Number of protein chains: 2
Amino acid sequence: MQHHQIDVHDTADERLRRDGQRYTANRRVLIDALREADRPVTVLELIDGTPGMAQSSAYRNLSVLEEAGVVRRLVTADDTARYELAEDLTGHHHHLICERCGSVIDIDVPTELEDGVSAFSSLIADTHGFRIEHHRLDLMGVCPSCSTAAH
Amino acid sequence: MQHHQIDVHDTADERLRRDGQRYTANRRVLIDALREADRPVTVLELIDGTPGMAQSSAYRNLSVLEEAGVVRRLVTADDTARYELAEDLTGHHHHLICERCGSVIDIDVPTELEDGVSAFSSLIADTHGFRIEHHRLDLMGVCPSCSTAAH
DNA sequence: TTTACTGCAAAGGGTTTGCAACATG
DNA sequence: CATGTTGCAAACCCTTTGCAGTAAA
């Protein structure tokens, strides 16, 4: 994951400004937390790591950041939203999801497979009149720690 | 989508019995509604089409049916769960999702691509110690009706 | 000095649960 | 009759929103 190809803070600042928003301390803290997490994290996980920020601020800021294209909101297996940095800041990747506990791990996909998906994607876009903006290829199952734990 | 390869009601009845559950009128109605929908539908859509059933019963029954492996619960773009019949009753397929309105369309994927995903899947299972049970390959974008509507 | 941002508390919306009545094996 | 199922209403949890005060351009 090439976090430092471009400066995340500069990019965030620029994209927020474009939307008439400010890159405040809270928002910077969220971005840092997302960078450190290096996997999609829930809002609860985010504010646990950043004491002092109101939940409502976290939700509002993440929503503003998503609007600006700095972060991405995911809904995976459970019904809790998870956030990660936008793909142009971290590189394109996919997810390995535990359906038991909801945890998510980033994975990279071989280029051939990625190309196959893109080709298929354009085909479907044409036949269904959809504007396809991205895709997700998630592998779902049971993570090591959940499979040792009794269910 | 080969709904009639095996009889859905017989299968549902059998799988529920295996779990010590009964195949009641409400559950039969839900299964019929899901068959007719032919795409993942929300609980609200389901009970709108089947007046007389309490919401709580719909939720409880869908949960029992999911446990029995008769239906599958999805969470897509919005935070509303959608249900569809289990894949062994309808055939393996993937989803075309509108991120604007949350609607979902079933799509089939070429065999080569499907094979590529399976191969990749086993690879990741090995390297991460995950038991991978299935995958999802969703194409996400904006559906025709949302792209004509003003945003 | 206007506009965005913040925290707090309250409301919202999908989902789950307690309970007493009902239905099924 | 013993156990699973139902509807109703209340509770639950994640998320959003109203508001009055604060900070930034």
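These numbers were taken from a predicted model, which means no experiment stands behind them. Every chain is numbered from 1, with letters handed out A, B, ... down the list of sequences.
Under 4.0 Å is where a charged nitrogen must lie from a carboxylate oxygen, and between B:Glu84 and B:Arg35 no such pair does. Salt bridge A:Glu45/A:Arg39: present, at least one basic N to carboxylate O contact under 4.0 Å. A salt bridge does not link A:Arg73 with A:Glu66: none of the charged nitrogens is closer than 4.0 Å to a carboxylate oxygen.
What separates CD of B:Glu67 from P of D:dG4 is a distance of 14 Å, to the nearest Å. B:Arg28 has its CZ atom 18 Å from the P atom of C:dA23, to the nearest Å. B:Asn61 places its CG atom 11 Å from the C1' atom of D:dG4, with the value rounded to the nearest Å. The distance between atom CD1 of B:Ile47 and atom P of D:dG7, rounded to the nearest whole Å, is 11 Å. Going from atom CG of B:Leu62 over to atom P of C:dT17 covers 15 Å, rounded to whole Å. In this structure, B:Glu66 atom CD and C:dT15 atom P are separated by 12 Å, rounded to whole Å. B:Leu30 has its CG atom 10 Å from the P atom of D:dG7, to the nearest Å.
Relative to the side chain of A:Ala54, the nucleotides D:dG7, C:dC8, D:dT6 differ in distance, and C:dC8 lies closest.
At least one side-chain nitrogen or oxygen of B:Asn26 sits closer than 4.0 Å to the OP1 or OP2 atom of D:dT6.
Nearest heavy atoms, A:Ile97 versus B:Phe130: O-CE2, 3.5 Å. The nearest pair of heavy atoms linking A:Gly102 to A:Thr76 is O-OG1, 4.3 Å.
Each of A:His9, A:Arg28, A:Glu14 was compared with A:Tyr23 under the side chain to side chain donor-acceptor pair (under 3.5 Å) criterion, and only A:His9 meets it. For the pairing with B:Leu16, the side chain to side chain contact (heavy atoms under 4.5 Å, CB included) check across B:Arg27, B:Arg22, B:Glu67 returns one residue only, B:Arg27.
Using modelled atom types and a 3.5 Å distance limit, the side chains of B:Glu87 and B:His134 yield no donor-acceptor pair.
Contact annotation: the side chain of B:Arg136 never approaches that of A:His95 to less than 4.5 Å [non-hydrogen atoms, C-beta and beyond].
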Subject >> nucleotides 20-25 of chain D: protein proximity per nucleotide (B base, S sugar-phosphate only, - neither; heavy atom, under 4.0 Å) >> reply: ----B-
**OP:** Determine, for nucleotides 11-18 of chain D in 5'-to-3' order, which nucleotides have protein heavy atoms under 4.0 Å from the base (write B), from only the sugar-phosphate (write S), or from neither (write -).
**Re:** ---SBBBB
